[in-house]
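One structure is given here, and the rest of the page talks about it.
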2 protein chains.
Amino acid sequence: MAHTTTHHSDDLAQRLADSGLRNTPQRELVYQSILARRDHPTAEEIFARVKAEMPTISLATVYNCLETLIECRLVRAVHFERASTRYCPNLVPHAHFHDSKTGVTHDIDLPEELLAALKKLLPEGYTADMIDITYHGRGAEKPEKLKD
Amino acid sequence: MAHTTTHHSDDLAQRLADSGLRNTPQRELVYQSILARRDHPTAEEIFARVKAEMPTISLATVYNCLETLIECRLVRAVHFERASTRYCPNLVPHAHFHDSKTGVTHDIDLPEELLAALKKLLPEGYTADMIDITYHGRGAEKPEKLKD
DNA sequence: CAAAAACTTAGAATCATTCTAAGAAGAGGG
DNA sequence: CCCTCTTCTTAGAATGATTCTAAGTTTTTG
Ligand SMILES: [Mn+2]
Ligand SMILES: [Mn+2]
Ligand SMILES: [Zn+2]
Ligand SMILES: [Zn+2]
């Protein structure tokens, strides 16, 4: 897989350059801390993770970096009710399943055809830039088989 | 249409009674103010409308009444990003179209088949109590034909 | 190097919502 | 009718996530 391997830090460097922004250690660290796991951390959770590596970083900077990452389209903001915003590094169009028992959030891939069907529900002349879909429910009770 | 006509205030009285709650003038007024229009007002907007009729009502009471109406399933809370919660009297399953230019919110009816298709995307063992769908985009630019 | 621009930071401010504590209103039993 | 218990309403304080402010740092440019 030689040179075709893409490093996420390269993505970041590239996107920041494209937007005329600087690639700072804080931005790098905040971005990596979101990529590291497939959970959907809040700003406070990211702050806690990042602080372990860079104890001087501030919560304000975490918020600033997150805003930058969203502008650069490397991270997506996710909202459940009015709870703290969560941040998601999965850039393919997907829905979110919010487990009301555990509070855990899973990504649900959305087939192109389903998005098309949703767009067909709109009245003449309406265009949707994005469609936000959130499931609220419960995940499997039993421990999952032996996949993953 | 004789006696079959349902008055919304009867709905309210019934639901409150079912839940062992009292039917107060404040609850009645808050409910009517939401039913009166198909917009999706915020608590502050409802407060303003209701205050015109009952100048002594408090914002806390509006929030309390809204919570009660939601418990009684007569009103639905709607969230866009982290903006103020909006309240919707449309009880059939529907999505929301949020016009990013005007800020106006429209209801979009959801066919049963589409909800079924969405539920089929969930992994084994996952159940969704509810699915929240929000479109973000722009409505028709031109003035609508001559309907409505 | 000097100056300008972009960033980071701590703490204050904001804003929607919830909480608290006290008073008002309604239901029921005598 | 009173009395008492419970439910409601109310004003204002508290909360919590996020944004703003103002001052220092770092980076880039000339
Ligand atoms: Mn400071
Ligand atoms: Mn008070
Ligand atoms: Zn996600
Ligand atoms: Zn609605």
Side-chain angles (χ1 to χ4, degrees), chain A residues 12-13 15-34 40-48 50-51 53-72 75-88 103 105, chain B residues 12-13 15-34 40-51 53-72 74-88 103 105:
Chain A
L12 175 60
R15 297 294 185 88
L16 289 171
D18 292 352
S19 306
L21 301 170
R22 293 181 190 158
N23 187 5
T24 68
Q26 288 88 349
R27 284 170 178 170
E28 189 85 38
L29 207 49
V30 167
Y31 185 42
Q32 294 306 329
S33 81
I34 299 172
H40 292 73
T42 62
E44 287 280 3
E45 285 164 356
I46 292 164
F47 180 47
V50 141
K51 212 173 186 185
E53 296 246 341
M54 184 187 281
T56 58
I57 199 170
S58 72
L59 179 58
T61 296
V62 170
Y63 274 106
N64 291 339
C65 292
L66 289 169
E67 198 185 323
T68 300
L69 292 172
I70 288 168
E71 274 167 17
C72 291
V75 159
R76 193 176 136 180
V78 178
H79 304 275
F80 299 126
E81 253 85 277
R82 284 186 47 85
S84 309
T85 304
R86 294 179 172 275
Y87 299 87
C88 172
T105 299
Chain B
L12 175 60
R15 297 293 185 87
L16 288 171
D18 292 351
S19 307
L21 301 170
R22 293 185 191 154
N23 188 4
T24 68
Q26 289 86 349
R27 284 169 178 170
E28 189 86 38
L29 207 49
V30 166
Y31 185 41
Q32 294 306 329
S33 82
I34 299 172
H40 291 73
T42 62
E44 288 279 1
E45 286 165 355
I46 292 165
F47 180 46
R49 291 183 198 176
V50 142
K51 212 173 187 184
E53 297 246 342
M54 184 187 281
T56 58
I57 199 170
S58 72
L59 179 58
T61 296
V62 170
Y63 274 106
N64 291 339
C65 292
L66 289 169
E67 198 185 323
T68 300
L69 292 172
I70 287 168
E71 275 167 16
C72 292
L74 289 164
V75 159
R76 194 177 137 180
V78 179
H79 303 275
F80 299 125
E81 254 86 275
R82 285 186 46 84
S84 309
T85 303
R86 292 177 173 276
Y87 299 87
C88 173
T105 298

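Worth knowing before you read on, the calculation uses all heavy atoms, side chains too, and leaves out hydrogens, waters and symmetry mates. Everything numeric in this text was worked out from a predicted model, so none of it was measured. Sequence lines set the chain letters: A, B, ... in the order given, protein chains first and strands last, and positions in each chain run from 1.
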When you check the phosphate oxygens OP1 and OP2 of [N], does a side-chain N or O of [X] lie under 4.0 Å from one of them?
{"X": "A:Gln26", "N": "D:dT26", "value": "no"}
{"X": "B:Thr24", "N": "D:dT9", "value": "yes"}
{"X": "A:Thr61", "N": "C:dC7", "value": "no"}
{"X": "A:Arg82", "N": "C:dT17", "value": "yes"}
{"X": "B:Tyr63", "N": "C:dT18", "value": "no"}

When rounded to the nearest 0.5 angstrom, what is the spacing between CD1 in A:Ile57 and OG1 in A:Thr24?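 Between atom CD1 of A:Ile57 and atom OG1 of A:Thr24 there are 8.0 Å.
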
Enclosure of B:Glu71 CD (heavy-atom neighbours >12, cutoff 6.0 Å): yes

[X] side-chain proximity, nearest of [options]:
{"X": "B:Leu59", "options": "C:dG11, C:dT17, C:dC19", "result": "C:dT17"}
{"X": "A:Ser58", "options": "C:dG26, D:dT9, C:dT9", "result": "C:dT9"}
{"X": "A:Arg22", "options": "D:dT26, D:dC8, C:dT17", "result": "D:dT26"}
{"X": "B:Ser84", "options": "D:dC8, D:dT9, C:dT17", "result": "C:dT17"}
{"X": "A:Thr56", "options": "C:dT8, C:dA5, C:dT9", "result": "C:dT9"}
{"X": "A:Ala60", "options": "D:dC8, D:dT18, C:dT9", "result": "C:dT9"}

Annotated structure of DNA chain C as dot-bracket, pair cut-off 3.5 Å, Watson-Crick or G-U only, | for inter-strand, is ||||||||||||||||||||||||||||||

Please enumerate all residues that pass side chain to side chain donor-acceptor pair (under 3.5 Å) together with B:Arg49, with sequence neighbours excluded. B:Asp39

Taking [X] for its side chain and [Y] for its backbone only, find out whether a donor-acceptor pair lies under 3.5 Å.
{"X": "A:Glu45", "Y": "A:Thr42", "value": "yes"}
{"X": "B:Arg82", "Y": "A:Ala83", "value": "yes"}
{"X": "B:Arg27", "Y": "B:Arg22", "value": "yes"}

Just wondering, do B:Cys65 and B:Thr61 contact through their side chains at under 4.5 Å, heavy atoms?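 Counting from C-beta outward, B:Thr61 and B:Cys65 do come under 4.5 Å.
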
Sugar-phosphate, base or nothing in reach of A:Thr42, heavy atoms under 4.0 Å: nothing

Please report, rounded to the nearest Å, how far the P atom of D:dA11 is from the CD1 atom of B:Ile57.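 It is 10 Å, rounded to the nearest whole Å.
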
Whole-Å distance between C:dT17 C1' and B:Glu67 CD? 10 Å

Find which nucleotide of DNA chain D each of B:Cys65 and A:Pro25 is nearest to by heavy atoms, and output the residue with the more 5' nucleotide.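 Its nearest nucleotide lies further toward 5', so the answer is B:Cys65.
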
